[in-house]
2 protein chains.
Amino acid sequence: MAQRRAVALSRAQIIGTAVELLDTDGESGLTFRALTERLATGPGAIYWHVANKGELLDAATGAVVADALAAERAAGSPRDEVRAVALGLFDAIEKHPWLAPQLSAQLSRGPSGPVTPKIFESIGRHVRDLGVPKGSWFTATSALVHYVLGAAGQNAANARVVTSGKDRSEFLDAVSAAWAGLDAEEYPFMREVAAEVRDHDDREQFLAGVDLILTGIGAVHSLP
Amino acid sequence: MAQRRAVALSRAQIIGTAVELLDTDGESGLTFRALTERLATGPGAIYWHVANKGELLDAATGAVVADALAAERAAGSPRDEVRAVALGLFDAIEKHPWLAPQLSAQLSRGPSGPVTPKIFESIGRHVRDLGVPKGSWFTATSALVHYVLGAAGQNAANARVVTSGKDRSEFLDAVSAAWAGLDAEEYPFMREVAAEVRDHDDREQFLAGVDLILTGIGAVHSLP
DNA sequence: ACCTGAACACCGTTCAAGT
DNA sequence: ACCTGAACACCGTTCAAGT
């Protein structure tokens, strides 16, 4: 029979290879065939360490998110802390574009997985320090988390289309033109906003959204 | 050779059946096998009307979203309009839970599809009427759209677990207990917020988030 | 123009057999 | 305890052939 592997396979190694495949080839690039090839093994070996593909995807997601949230920083004001965590997730999602759909899928599977609490905690602990009534902590954190993941996911998709600066302005021109060309009756707003999209800075625009929600949170005790 | 179908197949019929399958069996329930069986035909017939599975999913998403946004209502204040659109999407996503990941995937594929403009327009046109500077229209609309889709998706996932009222409070108790049982060092926020989750109204909490962002939008011209 | 249905390549997963 | 690799059931898609 064939020789066994010289060094033992590990779960961490499998997860690391999975992240590599996802990064280079996207979600559809993660297959057990590709995995066995890179790891020079058979499917049975992987199934010894990992229950199934879903668990592997969850583990890859968890590893990348933990990494993104682990960055140590000098402590700042609660607002600055929220901004820093948001940017950390923004960058992680830009670097690993498969993360966005994966995270929203995991959020949409209830709080069973370990990723949902981790993300809510990373933002919520600073919302708590914002000095708003406890009754609005959860709502405020939800608004921030969903905006951050959604906007970062959309940005990552755009970022993937373009790499060079020339590509980028061409791409934005195309988007702007597409919006400006929509039906005037049905899409008045999109047409009016088309010009804006042409020359905006992604991170700046993203942070403006975070600030908008933070402002709403600050004013929440005086809600109508 | 076998008889041909008596009545011609149509693209709309295929999309309608796809929505049915997605509703009853979830995303993994939509297969060409199941489709051919329900439509009493072969795969080739479907491929005549539809380019591939991705296009079919997009079309199903588009049909359901168009339906959700088409509801006519008495015109109200811009804030009320935003709330109404948000609730319309909330309900649609609760009714069709496969919609949430599908929508975020479509948002994350750039503004190529027809669904992204449709959703942004439905909310943005009322943001425009809110009386805030044009420069913040797009940011404000983004914040609302991403919150609405994210929070609605998470709600739909929870709603699927429970149906009866008894199930519901059991489920919330379990979630609350899980959060309260998290590590005290790592998850102080989640533990503090655990009790809150036990008896909240989903739609009310969802709308509170929308109001929070609306409040932020109203105060945006005085951002620091 | 529209449909049939066999066939193909690929996928996740299992499992008896090995060390 | 950990790994091998053949095998299975299922999937999206193609295409020559029919009407």
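Both backbone and side-chain heavy atoms feed into the values below; hydrogens, waters and symmetry mates do not. Proteins come first, then strands; the chains are lettered A, B, ... in the order of their sequence lines, and each starts at number 1.
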Exercise for the section: Please figure out whether B/Ser10 or B/Pro43 has its closest DNA chain C nucleotide nearer the 5' end. Expected result: B/Ser10

Over how many whole Å does the gap from [X] atom [atom1] to [N] atom [atom2] extend?
| X | N | atom1 | atom2 | result |
| --- | --- | --- | --- | --- |
| B/Glu55 | D/dG12 | CD | P | 15 Å |
| A/Leu30 | C/dC10 | CG | C1' | 15 Å |
| B/Leu9 | C/dG5 | CG | P | 14 Å |
| A/Leu39 | D/dC2 | CG | P | 16 Å |
| B/Phe32 | D/dC10 | CZ | P | 18 Å |
| A/Lys53 | C/dT14 | NZ | C1' | 17 Å |
| B/Tyr47 | D/dA17 | OH | P | 21 Å |
| B/Asn52 | D/dT14 | CG | C1' | 13 Å |

Practice task
Please indicate whether B/Glu37 has more than 12 foreign heavy atoms, meaning atoms of other residues, nucleotides or ligands, lying under 6.0 Å from its CD.
Solution key: no

Handout entry: More than 12 heavy atoms from other groups under 6.0 Å of CZ on A/Arg160
Key = no

Fill in the blank from the handout: Across every strand shown, the nucleotide meeting Watson-Crick or G-U wobble geometry with D/dC15 (both distances under 3.5 Å) is C/dG5

Practice task
Classify the nucleic acid contact of B/Leu56 as base, sugar-phosphate or nothing, counting any heavy atom under 4.0 Å across all strands shown.
Solution key: nothing

Measure up the [X] and [Y] rings against each other and bin them: parallel (under 30°), tilted (30 to 60°), perpendicular (over 60°).
| X | Y | value |
| --- | --- | --- |
| B/Trp179 | A/Phe138 | tilted |
| B/Phe120 | B/His146 | perpendicular |
| A/Phe206 | A/Phe90 | tilted |

Exercise for the section: Compare side-chain N and O positions of A/His49 against OP1 and OP2 of D/dA1 and report whether any pair is under 4.0 Å apart. Expected result: no

Fill in the blank from the handout: Ranking B/Gly44 and A/Arg33 by the position along DNA chain D of their nearest nucleotide, the one closer to 5' is A/Arg33

Practice task
Look at the side chain of B/Ala45 and decide which nucleotide, out of C/dT4, D/dC3, D/dT13, has an atom nearest to it.
Solution key: C/dT4

Handout entry: Among D/dA1, D/dG12, C/dC3, the one nearest A/Trp48 by side-chain distance
Key = D/dA1

